[in-house]
Student: 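Okay, here's the structure, questions in a sec.
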Amino acid sequence: MKKRKTRARAVVATAPCGQQAVYPSVSLAAERAGGQAARISAACRTGVPYKGVLWMYEEEAKRAK
C-alpha cells in the first residue's frame, strides 16, 4: 500500500498574553483547541482572531519575526 502524501500545514496559535502553541496541522489544532478546522484555516488566511487566539501558518509566523 502506498503512503499518502499529506498537505498538512503547521499552525501557530498566539494567545493574547503572548503564549504560543504550535500544531502540526489545522485539524489537530481544531481538535485540541475545541474549534472548527475551517474557521482556523480562515483565521490563518485573514488574520482575524478565532476563539480569542491569533492563528498563523508556521511559515508565515517565521517570516513575521
Side-chain angles (χ1 to χ4, degrees):
M1 185 176 259
K2 282 188 176 181
K3 184 177 178 182
R4 277 199 207 191
K5 287 186 179 181
T6 62
R7 297 185 331 189
R9 292 175 73 183
V11 292
V12 178
T14 306
C17 64
Q19 183 179 0
Q20 290 187 332
V22 180
Y23 299 99
S25 68
V26 172
S27 59
L28 186 62
E31 189 177 301
R32 297 238 174 106
Q36 297 175 354
R39 294 284 195 116
I40 292 174
S41 293
C44 289
R45 287 191 310 273
T46 62
V48 176
Y50 172 60
K51 289 194 157 278
V53 176
L54 183 61
W55 297 90
M56 297 177 90
Y57 289 116
E58 187 176 35
E59 60 268 11
E60 292 172 4
K62 286 181 180 177
R63 273 188 252 152
K65 285 186 178 181

Student: If every non-hydrogen atom of Val53 is compared with every non-hydrogen atom of Ala15, which pair is closest and at what distance?
Tutor: CG1-N, 4.4 Å
Student: When rounded to the nearest 0.5 angstrom, what is the spacing between OG in Ser27 and CZ in Arg32?
Tutor: 10.5 Å
Student: Below 4.5 Å, heavy atoms only, C-beta onward: do Tyr50 and Val48 meet side chain to side chain?
Tutor: no
Student: Over all heavy atoms of both residues, which pair between Leu54 and Gly47 is shortest? Give the atoms and the distance, please.
Tutor: CD1-O, 3.4 Å
Student: Could I get the full list of salt bridge (charged side-chain N to carboxylate O under 4.0 Å, His left out) partners for Arg9, not counting sequence neighbours?
Tutor: Glu59
Student: Just how far is it from atom CH2 of Trp55 to atom OG1 of Thr46, taken to the nearest 0.5 Å?
Tutor: 13.0 Å
Student: Can you confirm whether Glu58 sits close enough to Val22 that some side-chain heavy atom of one is under 4.5 Å from a side-chain heavy atom of the other?
Tutor: yes
Student: Measure across Ala30 and Gln36 and return the closest heavy-atom pair with its distance rounded to 0.1 Å.
Tutor: CB-C, 3.8 Å
Student: Give the minimum heavy-atom separation between Val11 and Ser25, together with the two atoms involved.
Tutor: CG2-O, 4.0 Å
Student: Same hydrophobic cluster for Ile40 and Met56, using side-chain heavy-atom links shorter than 4.5 Å among ILVMFWY?
Tutor: no
Student: How far apart are the closest heavy atoms of Pro24 and Ala8, and which atoms are they?
Tutor: O-CB, 4.0 Å
Student: Shared ILVMFWY cluster between Tyr57 and Tyr23, side chains joined below 4.5 angstrom?
Tutor: yes
